Number of protein chains: 2
Amino acid sequence: MSGNRALQKEKTRRTIIDAAFRLLSQERSYSSLSLREVAREAGIAPTSFYRHFEDMDELGLTLVDEGGVALRQLMRKARQRIRDKGLVISTSVETFMEFIHNSPHVFRLLLRERSGTSLAFRKAVSRELQYFVVELADYIQHTRNYPAGAAKLQADAMVILVFNAGAEALDSSLTERKLLTEKAITQLRFVAKGANEIFK
Amino acid sequence: MSGNRALQKEKTRRTIIDAAFRLLSQERSYSSLSLREVAREAGIAPTSFYRHFEDMDELGLTLVDEGGVALRQLMRKARQRIRDKGLVISTSVETFMEFIHNSPHVFRLLLRERSGTSLAFRKAVSRELQYFVVELADYIQHTRNYPAGAAKLQADAMVILVFNAGAEALDSSLTERKLLTEKAITQLRFVAKGANEIFK
DNA sequence: GCCTATTGCGTACAAGTGTACGCTGAGTAT
DNA sequence: ATACTCAGCGTACACTTGTACGCAATAGGC
């Protein structure tokens with residue numbers, strides 16, 4: 001069969017990635033994971049790990065990338081919903097909150113590595129966030145006719161506020177999350193309105 | 001002499017705390033520090049550590065507390081400056097950026113532990129940030145006659161934005177920091193203006 | 001059908017970890 | 001002067017860690 005070998009390899013690779021994600025939680029950060037621990041959880045020998053990743057760092061970057069993919073999918077979903085029923089701000093925030101609820105470990109990884117010890121990780125996360133900022137800035141610039149700089153500033157503030165609300169929502173119950181969503185929406189309205197006043 | 005003994009103990013305690021701060025950096029987070037490492041840096045035997053702290057956790061919380069004290073001093077300084085020359089927003093942001101420049105390790109500790117693995121740490125940092133939010137909300141509420149809720153929301157957004165700008169400033173040069181300061185100031189103005197429009 | 005490449009395993013080792021335990025010497029109270 | 005307290009040390013132990021190395025089995029190319 002064509003690449004039965006490669007196919008099995010890919011499968012094991014996934015097993016490792018999934019194991020790592022499974023180990024991430026409120027009380028376990030990526031940097032606190034050991035290679036042996038991941039191998040154990042994945043059900044392979046420690047030394048087999050090296051057949052798939054050079055390093056724990058390489059695995060980590062892969063996880064961040066996967067997180068990025070999930071985020072971009074989210075973005076697409078949000079655009080879709082906005083097209084369907086308008087309400088840019090509240091739809092965006094709600095979609096984001098949904099994502100955090102569904103994949104808390106992915107979000108937590110991004111959140112932590114954004115201020116982590118590895119420059120490569122920080123850059124990777126920052127790059128993912130920039131996708132949001134740029135896309136949002138574009139949207140603002142074209143629908144509202146803003147100067148590019150002001151649109152970027154506004155988009156940047158919005159992404160930070162939403163991301164932060166997400167961080168708080170991680171630890172909280174459903175009703176608290178609802179409140180945090182409202183809070184973020186209002187704060188984004190402040191920003192939108194204020195930018196509008198100043199750059200009109 | 002009265003408490004020569006206790007005095008020496010306090011001195012060693014400080015040595016440990018300082019050693020821990022010294023070990024924190026871009027590439028070393030608190031959770032990656034080992035007890036033995038801190039002891040080594042402090043120039044004491046590993047087991048002597050226990051004469052002063054139960055745990056690395058206990059030391060960590062002490063560091064966070066010290067960070068909090070530094071932050072509150074900063075807040076006082078900012079109030080002072082505002083009394084002297086007005087310009088609430090820009091003065092606040094600039095004072096904050098100064099702090100980050102002068103004690104990057106303190107700020108980095110707070111930044112990281114805010115999303116860290118220990119609930120106690122997260123709560124400790126969050127509590128420190130709340131001081132800012134409450135104080136700022138109070139100020140807004142009384143000088144602008146806002147409803148309490150709106151003032152809190154606004155203050156919250158502002159603190160997040162400034163804190164975030166600080167995080168970005170950690171990695172960057174002096175000229176970049178200047179730009180980030182400008183950015184944060186503009187973003188705070190968005191929030192202030194927007195809140196004003198909406199809650200007028 | 002044979003040869004080679006490659007995935008996965010087990011063993012092994014040096015290094016680092018947290019912490020229990022008992023000793024010493026000096027400060028302190030009596 | 002004597003007895004007590006306690007900060008600091010050294011030793012010791014049981015673990016965990018990353019990774020080097022060689023072997024077994026199996027897939028794929030010839």
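Just so it is clear, the model here is predicted, and its values are computed rather than measured. Below, read A as the first sequence line, B as the second, and so on, with proteins coming before strands; counting in each chain starts at 1.
- When each of C/dG8, C/dG18, D/dG18 is scored by its nearest atom to the side-chain atoms of A/Thr12, the top-ranked nucleotide is C/dG8.
- Within the 4.0 Å cut-off from OP1 or OP2 of C/dC9, at least one side-chain nitrogen or oxygen of A/Ser48 is found.
- Rounded to whole Å, atom C1' of C/dC9 lies 15 Å from atom CG of A/Leu35.
- Under 4.0 Å is where a charged nitrogen must lie from a carboxylate oxygen, and between B/Arg122 and B/Glu113 no such pair does.
- Nucleotide D/dA7 holds its P atom 13 Å from the CG atom of B/Asn4, rounded to whole Å.
- Using a 4.0 Å cut-off between a side-chain N of Lys or Arg and a carboxylate O of Asp or Glu, B/Arg14 and B/Glu10 do not qualify as a salt bridge.
- The distance between atom CD of A/Glu58 and atom P of D/dT19, rounded to the nearest whole Å, is 12 Å.
- Projected onto DNA chain D by closest heavy-atom contact, B/His52 and A/Glu54 fall at different nucleotides, the more 5' of which corresponds to B/His52.
- Taking for each of B/Leu33 and A/Ile44 the nucleotide of DNA chain C with the nearest heavy atom, the 5'-most of the two is the partner of A/Ile44.
- To the nearest angstrom, C1' of C/dT19 lies 11 Å from CG of B/Asp55.
- Counting to the nearest Å, the C1' atom of C/dG18 and the CG atom of B/Asp57 are 13 Å from each other.
- Straight-line distance from the CD atom of B/Gln8 to the C1' atom of D/dT5: 16 Å, rounded to whole Å.
- Remark: the A/Thr47 side chain and the C/dG10 base include a donor-acceptor N/O pair separated by less than 3.5 Å.
- Note on A/Ser34: every side-chain N or O is 4.0 Å or more away from OP1 and OP2 of D/dT16.
- The nearest whole Å value for the distance from the OH atom in B/Tyr50 to the P atom in D/dG10 is 16 Å.
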A/Tyr146/A/Asn196 under side-chain contact (heavy atoms from CB on, under 4.5 Å): CA gap, chis, key distance, verdict: CA-CA 9 Å; A/Tyr146 274 51; A/Asn196 208 40; 3.0 Å; yes
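- Between the side chain of B/Arg36 and the base of C/dT19, at least one donor-acceptor pair of N or O atoms lies under 3.5 Å.
- B/Arg13 comes within 4.0 angstrom of nothing in the nucleic acid, heavy atoms only.
- One interatomic measurement links the two molecules: NZ of B/Lys11 to P of D/dA7, which rounds to 16 Å at whole-angstrom precision.
- Electrostatic pairing of A/Glu135 and A/Arg79 counts as a salt bridge here, judged by a charged N lying under 4.0 Å from a carboxylate O.
- A salt bridge links B/Glu128 with B/Arg72: at least one charged nitrogen is closer than 4.0 Å to a carboxylate oxygen.
- Interface remark: the B/Arg5 side chain does form a donor-acceptor pair with the D/dC6 base, using a distance-only criterion of under 3.5 Å.
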